[in-house]
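In what follows, chains are A, B, ... by sequence order, proteins preceding strands, each numbered from 1.
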Protein chains: 2
Amino acid sequence: MSDSSDPNRLTGDDLATWAALATVLEWLPPALDAPLIRSFDLTHFEYGILFALADAPDRALRMTVLADYANSSLSRLSRAVSRIEGRGWVQRTRDPVDGRSTLTTLTDAGLKMLDTATPVQALSVKELVLDPLTSAQRGQLGEISRRIQRAIRKQEGWQPPQPSASDND
Amino acid sequence: MSDSSDPNRLTGDDLATWAALATVLEWLPPALDAPLIRSFDLTHFEYGILFALADAPDRALRMTVLADYANSSLSRLSRAVSRIEGRGWVQRTRDPVDGRSTLTTLTDAGLKMLDTATPVQALSVKELVLDPLTSAQRGQLGEISRRIQRAIRKQEGWQPPQPSASDND
DNA sequence: AGTTTTTACTTGACTGAGCAAGTAAAAATT
DNA sequence: AATTTTTACTTGCTCAGTCAAGTAAAAACT
């Protein structure tokens, strides 16, 4: 009997769980980024942009859609795309159909970068997240993550971006 | 039946699990910070400093120890302490025993802030993390987090805070 | 058709964090 | 005792990310 006795603060098992999670929240992102940064000076976020574009038709997406896939604000994405555009991995063009939109296209060099980076990225996710867990825990982690996601969307005034098309990472 | 077939990229359930976790890693920290920032212009990180100090003898800790509790680099901690010192919640003094060290002490105002902020903090952790999970999942989340932590410490050249003492050649 | 509103970004100002260089005090070495 | 090394921070520089303001094109309205 150590849980949720006092509603005003975390105690017992709840506190321990939260402390463990908080440490992961702090350390996991930089730990995952490190190999990609060392090897290619590429962040996981920038990798995610290349990854999303590679699966898109014509390897191109509008910024808003890409921002949604990358869990990103438009402004953050805009700057990140500027960075990797400067390195020749994507290219921006004005959408001929809608002049307000920017189409970001993965270049051949970008695709090559993605293919090179993918095994490195996969390896660190496996080493740091997947392999240390049992198969059951991997399943639980997915379910737990989805529940937390739902709670976040519920709490903040959340609006589904476009309930029409696909959803994926 | 879709796991770990290709060692060079994530597929199937592994990809789905990772995608779900990546979204949480991106969204949970700002979602947890939001209520504290709105209410008191206090980040979770700054809250953590106050929290750690409150439990320390004399409500004081040396920067290095505090950095360890807060999962923080010394430089990040130094700036954060400067911020909350400017708001009167902590105070820095030189350690009389070791002149290199800085003792950071929680002030009465800081303790009051902590007590005010704690229920807000506890509520958001409960709403976003604990309540959406089953009791079994809460337990699993703790265990999963600890396993990931261990993997991170193993991979990076990790040095325990105090590599015991005498080991010279 | 002309004006207003909305959409889709982009960018300037600002803040927080990392890295590396600096400072000062204690410990170790000569 | 004097010098070197280590420890414990602090700070300047730079950069990524946020928020708000700006820009330009399409949609809606009159």
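- The closest side-chain heavy-atom distance from B:Ile49 to B:Tyr69 is not below 4.5 Å.
- Here the C1' atom of nucleotide C:dT15 and the CD1 atom of B:Ile37 are 12 Å apart, to the nearest Å.
- In this structure, A:Asp33 places its CG atom 12 Å from C1' of D:dA16, rounding to the nearest Å.
- For the pair A:Tyr47/A:Leu32, no side-chain contact is recorded, criterion being any heavy-atom separation below 4.5 Å from C-beta on.
- For A:Arg138 (side chain) and A:Leu133 (main-chain N/O), a donor-acceptor pair under 3.5 Å exists by modelled atom type.
- In terms of heavy atoms, B:Leu42 sits closest to B:Ala117 at CD2-CB, 4.2 Å.
- Note: CG (B:Leu77) to P (D:dT10) measures 8 Å, nearest angstrom.
- In terms of heavy-atom proximity, A:Phe40 sits nearest to A:Trp89 at O-CH2, 4.3 Å.
- Nearest nucleotide to the A:Thr102 side chain, out of C:dG18, C:dT10, D:dT10: C:dT10.
- Electrostatic pairing of A:Arg59 and A:Asp108 counts as a salt bridge here, judged by a charged N lying under 4.0 Å from a carboxylate O.
- The CG-P distance, from B:Asn71 to C:dG18, rounds to 12 Å in whole Å.
- Contact annotation: the side chain of A:Val125 never approaches that of B:Asp14 to less than 4.5 Å [non-hydrogen atoms, C-beta and beyond].
- As rounded to whole Å, 12 Å separates atom P of C:dG16 from atom CD1 of B:Ile49.
- Distances shown here put a side-chain N or O of A:Arg62 below 4.0 Å from the OP1 or OP2 atom of C:dA8.
- For the pair A:Leu103 CG and C:dC9 P, the interatomic distance rounds to 9 Å; values are reported in whole Å.
- Atom CZ of A:Arg76 and atom C1' of C:dA8 are 19 Å apart (whole Å).
- If you take CG of A:Leu25 and P of C:dA17, they are 14 Å apart, rounded to a whole angstrom.
- Residues from residues 78-95 of chain A placing a heavy atom under 4.0 Å of any atom in DNA chain D, listed by number, are A:Arg79, A:Arg83, A:Arg94.
- Using a 4.0 Å heavy-atom criterion, one finds that A:Ser75 contacts the bases of the nucleic acid, with or without backbone contacts as well.
- Sequence order on DNA chain D of the closest nucleotides to A:Ser73 and A:Arg100 puts A:Ser73 first from the 5' end.
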